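Values in this document were obtained by computation on a predicted structure and should not be read as measured data.
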Amino acid sequence: MSLLWGPGRPVEWGCAMKTPRGGAGRRRFRRALLSGMSAAALLLAGCSAGDEDGRGEGEKAAGDTTCDGRIEGTAHITMWFHAGQSGEQSTLRGQVEEFNKAQRQVRVELVTLPEQRPYTELVLSAAASGDLPDLLDFDGPNLYSYAWSGKLRPIDSCVPAKVRDDLLPSIREQGTYDRRLWGVGTFDSGLGLYVRPSVLREAGVRIPEGIEDAWTADELTDILRELRAEGYEAPLDLNFHDSKLADEWNTYAFAPAVWSAGGDLIDPEEFRTADGFLNGPKTVGALTTMQSWVEEGYVDRGKDESAFVKGRSPISWMGHWKYVEYSEAHRGDIVLVPLPDFGTGTVTGMGSWQWGIPSGAADGDAVWRFLEYLLQPEQVLRMSEANGAIPATERAVKRSAPYDEDGPERLFIEQLRGVARPRPQTPAYPAVTQAFARAVAEVVFAGAPAKKTLDQAVEDIDKDLAAHDGYPQSEP
């Protein structure tokens, strides 16, 4: 197992407090690093040490009162943050410093840690040894596994109704599991097709005006054929460089095609099986259509990630984080349009990093005091301007020019309010995403037979479900 850090991936310490709790935070961090990297298996199992029924402390956590409205004395809290964009890190570091200077009742210590798999492994390893911090950030879909297995405490008692109502519906939806709120984020995400209108108009191609006007998948196939005739050998950028790898990008980016076709990754009501959903005819059809784009050579296979920027492809299937780079590369010649409609209407992905309170002895009110500060409109905008993400609250959106009624990124807001879907909200998500991401890489980008490959993915997911008795939720 590789170490949790590597070249260019330093472990950073920001705003470290010279307090007794600060020392405890450092000791926790060191213990977590030393506790072993079998944690990847824990994530797929979706459980930690606990009861015979596999629920661990999940049911107990669901009944906790995380906040009681009181903070005793001066509370010291330690928070962990994944090592994301440098802009995110510096912004959060500044927010922590300013929060600590503005009041004396809550003191925050920030630790930034490696991102993606190493970060997740560290979280699970720390959970197994009882070394989680007081405030944790995590990729949104992991919430359901963490909540089910008792790694998080519900935060319903912490979040006032006016704050909850201010959150975008997608943020509330992503943070909810088993009828409880477990996490909140300060930004969300979005997908779309970036297009160059000058190229499309030259080819006589219509440009969709909104989510009700998306191209159909068949229409997009015809458009790709027309663009090739116009001289663009590979007119569609599907992020081939990353998509041929079986990682989270594949689930985030291409599950919307399956949903749009009327298929799914797992039974969306009971989450008890993937059979008939992931390997059903609608899912098979969606991935086969995308496979045909690759096989016909319409998809750029460049070894870099610059097909759109360098002008090789005038259409790019990509997320919100590319807007600035793309608009700078083609000034005045970039428009966002919805993902194609595979049969039931356009669908987009959603979800990003969230904050939650791990199970343990943390003062929930002290933690919420800081989270409430991060959710103030000016702080939400401060972070979204640093990382290019979508502001998580309605008040912040109203103050953000890119997302107002005539803003260039308005489509992302319209999608989050209408056609966005969270990734499957089940503790089995780690198994689901691993199986689906691998299937996409094999079917779409390597040409494997769709039905046979998806049958294997179903077998892998259902095996995980059976091992955990379907991940039963608590009683109503």
Side-chain angles (χ1 to χ4, degrees), residues 79 81-82 84-100 102-103 106 108 110 135 137-140 143 155-156 158-176 181-192 210-211 319-324 327 336 348-357 367-422:
M79 61 185 292
F81 181 66
H82 71 283
Q85 300 179 24
S86 60
E88 288 180 349
Q89 294 181 49
S90 60
T91 298
L92 184 61
R93 191 177 297 114
Q95 289 172 320
V96 169
E97 291 175 348
E98 292 170 23
F99 176 81
N100 285 334
Q103 48 75 54
V106 179
V108 179
L110 169 65
L135 177 60
D137 92 317
F138 47 84
D139 199 7
L143 179 149
I155 59 174
D156 302 87
C158 303
V159 187
K162 65 178 182 180
V163 175
R164 192 178 306 205
D165 290 345
D166 189 38
L167 296 171
L168 291 179
S170 57
I171 294 291
R172 293 196 299 270
E173 185 174 13
Q174 179 184 252
T176 300
L181 186 68
W182 302 82
V184 293
T186 61
F187 52 86
D188 210 332
S189 67
L191 281 166
I211 57 178
H320 67 271
W321 53 90
K322 284 290 189 177
Y323 185 83
V324 172
S327 59
L336 270 167
T348 187
M350 54 169 271
S352 193
W353 290 80
Q354 289 205 313
W355 294 105
I357 301 178
V367 176
W368 174 248
R369 179 76 61 83
F370 179 63
L371 285 180
E372 192 171 33
Y373 164 77
L374 293 183
L375 287 169
Q376 294 298 312
E378 58 272 18
Q379 300 305 325
V380 171
L381 288 174
R382 185 176 174 183
M383 180 58 77
S384 65
E385 288 168 1
N387 65 7
I390 302 164
T393 67
E394 299 287 358
R395 287 190 296 166
V397 167
K398 289 178 180 178
R399 294 166 54 174
S400 179
Y403 303 102
D404 66 20
E405 292 296 332
D406 299 315
E409 298 181 75
R410 180 67 181 183
L411 177 69
F412 290 137
I413 296 297
E414 294 176 352
Q415 291 183 151
L416 289 175
R417 289 174 175 162
V419 298
R421 279 187 57 171

Reported CZ-to-OG distance for the pair F187 and S352, which is rounded to 0.5 angstrom: 4.5 Å
All salt bridge (charged side-chain N to carboxylate O under 4.0 Å, His left out) counterparts of D166, not counting sequence neighbours: R395
Partner residues of F138 under the ring pair (Phe, Tyr, Trp, His ring centres under 6.0 Å) criterion, sequence neighbours left out: Y146
From CD (E409) to CG (L336), nearest 0.5 Å: 6.5 Å
Atom of P391, atom of L381 and distance for their closest heavy-atom approach: CG-CD2, 4.2 Å
Validation row: F99, V106 side chains within 4.5 angstrom (heavy atoms): yes
Closest contact, heavy atoms only, A386 versus T91: CB-OG1, 3.1 Å
Value rounded to 0.5 Å, distance of CD in E378 from CD in Q95: 10.0 Å
Intermediate values then yes/no, side-chain contact (heavy atoms from CB on, under 4.5 Å), L375 and W368: CA-CA 10 Å; L375 287 169; W368 174 248; 3.9 Å; yes
Side-chain heavy atoms of F81 within contact of W355, under 4.5 Å: yes
Side-chain (Q174) to main-chain (M350) donor-acceptor, under 3.5 angstrom: no
Shortest non-hydrogen contact from Q354 toward G175: OE1-CA, 3.5 Å
Validation row: E394, R417 side chains within 4.5 angstrom (heavy atoms): yes
Closest contact, heavy atoms only, Y403 versus R410: O-NH1, 2.6 Å
A392 backbone acceptor or donor facing D188 side chain under 3.5 Å: no
Side chain to side chain, W353 and E88, heavy atoms closer than 4.5 Å: no
Inter-residue atom distance Q415.CD - H320.NE2, 0.5 Å rounding: 12.5 Å
Student check: side-chain heavy atoms of P377 and K398 closer than 4.5 Å: no
Taking every non-hydrogen atom, the tightest pair across P160 and C158: CD-O, 3.2 Å
Expected output: side-chain R172 to main-chain R164 donor-acceptor under 3.5 Å: yes
Contact summary for L181 and D156, nearest pair of heavy atoms: N-OD2, 3.1 Å
Any L110 side-chain heavy atom under 4.5 Å of R93 side chain: yes
Heavy-atom side-chain contact between R421 and E173 under 4.5 Å: no
Side-chain donor or acceptor of T186 paired with backbone N/O of V380 under 3.5 Å: no
Distance in Å, I390 CD1 paired with L168 CG, rounded so as to fall on 0.5 Å steps: 8.0 Å
Ring pair (Phe, Tyr, Trp, His ring centres under 6.0 Å) partners of Y323, counting only residues at least two apart: none
Pairwise side-chain contact, N387 with W321, heavy-atom cut-off 4.5 Å (strictly under): no
Point-to-point distance, once rounded to the nearest 0.5 Å, from OG1 of T393 to CG of D165: 12.0 Å
